[in-house]
Asks: 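The structure under discussion is supplied below as structure tokens; questions concerning it will follow.
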There are 2 protein chains.
Amino acid sequence: MGTDDEMDRMHSSPTARPRRATSYDVARAAGVAQSTVSRCFKDDAKISAKTRDHILKIASDMGYTGNALARSLITQRSNVVGVIVTAFTIRNNPELIYALGEALQNAGNSLFLMVVENDDAIGASLQKAMEYPLDGLICCAQMPEDWIRQFANRGVPMVFFNRLVDSSLVDCITLDHAGAGRRIAEALYRAGHRSVVCVRGPERAPVSQLRVDAFRDRMAEFGIGSIPTVCTDFSYADGRRRFLDLVGGMKRPDAVFCANDQLALGVIDACRFDLGWRIPEDISIIGFDDIAEAGRPSYALTTVRQPIVDMAETAASLLLARIGDPDLPPRRIMVPGELIERSSARLANGSPPA
Amino acid sequence: MGTDDEMDRMHSSPTARPRRATSYDVARAAGVAQSTVSRCFKDDAKISAKTRDHILKIASDMGYTGNALARSLITQRSNVVGVIVTAFTIRNNPELIYALGEALQNAGNSLFLMVVENDDAIGASLQKAMEYPLDGLICCAQMPEDWIRQFANRGVPMVFFNRLVDSSLVDCITLDHAGAGRRIAEALYRAGHRSVVCVRGPERAPVSQLRVDAFRDRMAEFGIGSIPTVCTDFSYADGRRRFLDLVGGMKRPDAVFCANDQLALGVIDACRFDLGWRIPEDISIIGFDDIAEAGRPSYALTTVRQPIVDMAETAASLLLARIGDPDLPPRRIMVPGELIERSSARLANGSPPA
DNA sequence: TTGTAAGCGTTATCAA
DNA sequence: TTGATAACGCTTACAA
């Protein structure tokens, strides 16, 4: 017969006060030392099968589970990986979160998610990430240089996702946004488009900058220096509205390059429902990302595919590899974007539209 | 002059081995007791402004940050909330994650995210959630009764999101899926539709069951007992394909009710691009969720709005309230779905289609 | 106002 | 194979 204390816990009465059983409780109940209980839950532990079974049975009766906090404190390893994402990324690439979660979980890690409104609002999250002893960090947002150094100083490996940071202290995986932007400029130019406009994302959104700036630079090399451009919040509604504002005061352009697919969808609907322009006969529209809707027949958007799930898996393995070996040389992976030609743009050689 | 050890850390040499400064390190450098350092970081602490400033300065020089793990261990409070979501939820309602993250973060909590493939694959995540001393859990998936009891026994508050669980141990917030399903049946019937079909989600997906079963039951009450129904994986592509299979062998139905908007979009495209049926003249289509695409002119889908962001915020405050006071009575909130009439369905009174 | 010391629940290092 | 015992980095009485 055990103490009342033990009885309570074993029969788990409805009013049991919520205090979880500790390895010490199990040890007392099993009549062994606490350290022996601890050993039961390690694979390589030297422990007799008999005591192990005995303890395991009692532990399960008491509903004992190890305390990850206490374990992390002593092992100096939390098996928790932080992930920082912006609202936009979460909205537009929900697959990223899922893929990251799966990859991390499959490797025995947990995901500590920090959401931020945009790249500039990352401060508070970083503070949290510092206080919490994370094993690593996957950051899908820009980070100030001094924060990067601080994490590095503490030995917290980081990989940046779609943010190419100029530091030898971290790993990066990013789509070749600029390359794809140039590629689109070339395709559009070759097909005869001369009067083009751009619909960007937010002023300071890195991927928007990369994509659109490269596009504009390449166009400039072709002698097309003046490209009316408008900023948006990356959304369908804003893309549609601002595009209308933009073209309201000008002659119809030949083509429009949008910093992402949501914007392109908005522009397509602006053409179809607000302006009565035919796509692609009157105007060519190109997006970026290849989100699910882009492939549907109602839009058939020509765009650049960003293999977000593959990239997420790569990001996770980069991080896990570095957690395993912090001395790995810094790696920066640049994934080429694939131009997916559907029917929202005339890309074949030809004369410019009427 | 301090020891070499201290110098290293203070000047943070490039090769500094990654060991984060502890409150003890700060105490040594400041010439005070460790507990005094600890006190500096509490609001109500009794400590002289002078020593506080002195310590704070040194702490910041050393890049000291509290260790959340150690703190949680002693305070028995982690300020971490677990969130369990299925792949489908994350894909189809990415806003949920963001809203949850924001609400939790604003209240000073962190988000521990566990993704699961579907409601049946929740086991491993629950194990993690048990070992990690979470302050609470928001579960957007079904959970076996005995797990619920275990969490309750440990005093971990839980709120279920869109899963109505029959337990007085937890809080729930859910849309009134069944009510909305019935409402749609009524609207469709009143408008004269008699030959209807359903496109469901996965066999065992709770929200799909609730929505479709209620719809079918209500239709049965109207004397419409035979409703051809097909299961899908909740995706656009599967909705489109299976709908085609379903109607391949039958006379054109008057109306189709889809368990979510993605499916409805697929069905619309099947009608438009594969079958050449006009919407809503030939066939009425109704979805569920009111995702962003549903409102766009290319689809103009009639659907039921699920105020996912409001619900997320409510879920967070339910949980936070219970963390603050565990003795609160169990609450179950049922949010009514709002029927959004657009133009994919004829809902006015009238005769059935030709 | 400050310092001392006892935990929190583990893992890890020794002896036994 | 097991049992003491010392960390891990903090908070919190209690003493000074």
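Below, read A as the first sequence line, B as the second, and so on, with proteins coming before strands; counting in each chain starts at 1.
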Asks: Output one letter per nucleotide in nucleotides 6-16 of chain C: B when a protein non-hydrogen atom lies under 4.0 Å from the base, S when only the sugar-phosphate is that close, - when neither is.
Replies: -BBBBBBB---
Asks: Measure the OG-CE distance between A:Ser167 and A:Met143 for me, rounded to the nearest 0.5 Å.
Replies: 10.5 Å
Asks: For B:Ile55 and C:dT1, give me the distance from atom CD1 to atom C1', rounded to whole Å.
Replies: 11 Å
Asks: Does a side chain donor of either B:Gln34 or B:Ser23 reach within less than 3.5 Å of an acceptor in the other side chain?
Replies: yes
Asks: State the CG-CG distance between A:Asn93 and A:Leu100, to the nearest 0.5 angstrom.
Replies: 11.5 Å
Asks: Are side-chain N/O atoms of B:Asn118 and B:Thr86 paired as donor and acceptor at under 3.5 Å?
Replies: no
Asks: Over all strands shown, is A:Thr51 touching base, sugar-phosphate only, or nothing at heavy-atom distances under 4.0 angstrom?
Replies: sugar-phosphate
Asks: Given atom CZ of B:Arg28 and atom P of C:dT2, what is their separation to the nearest angstrom?
Replies: 21 Å
Asks: Rounded to whole Å, how long is the line connecting atom NZ of B:Lys46 with atom C1' of D:dA16?
Replies: 17 Å
Asks: Are B:Lys57 and B:Asp61 within salt-bridge range, i.e. N to O under 4.0 Å?
Replies: yes
Asks: What's the separation between atom CG in B:Leu134 and atom CZ in B:Arg154, rounded to the nearest 0.5 Å?
Replies: 10.5 Å
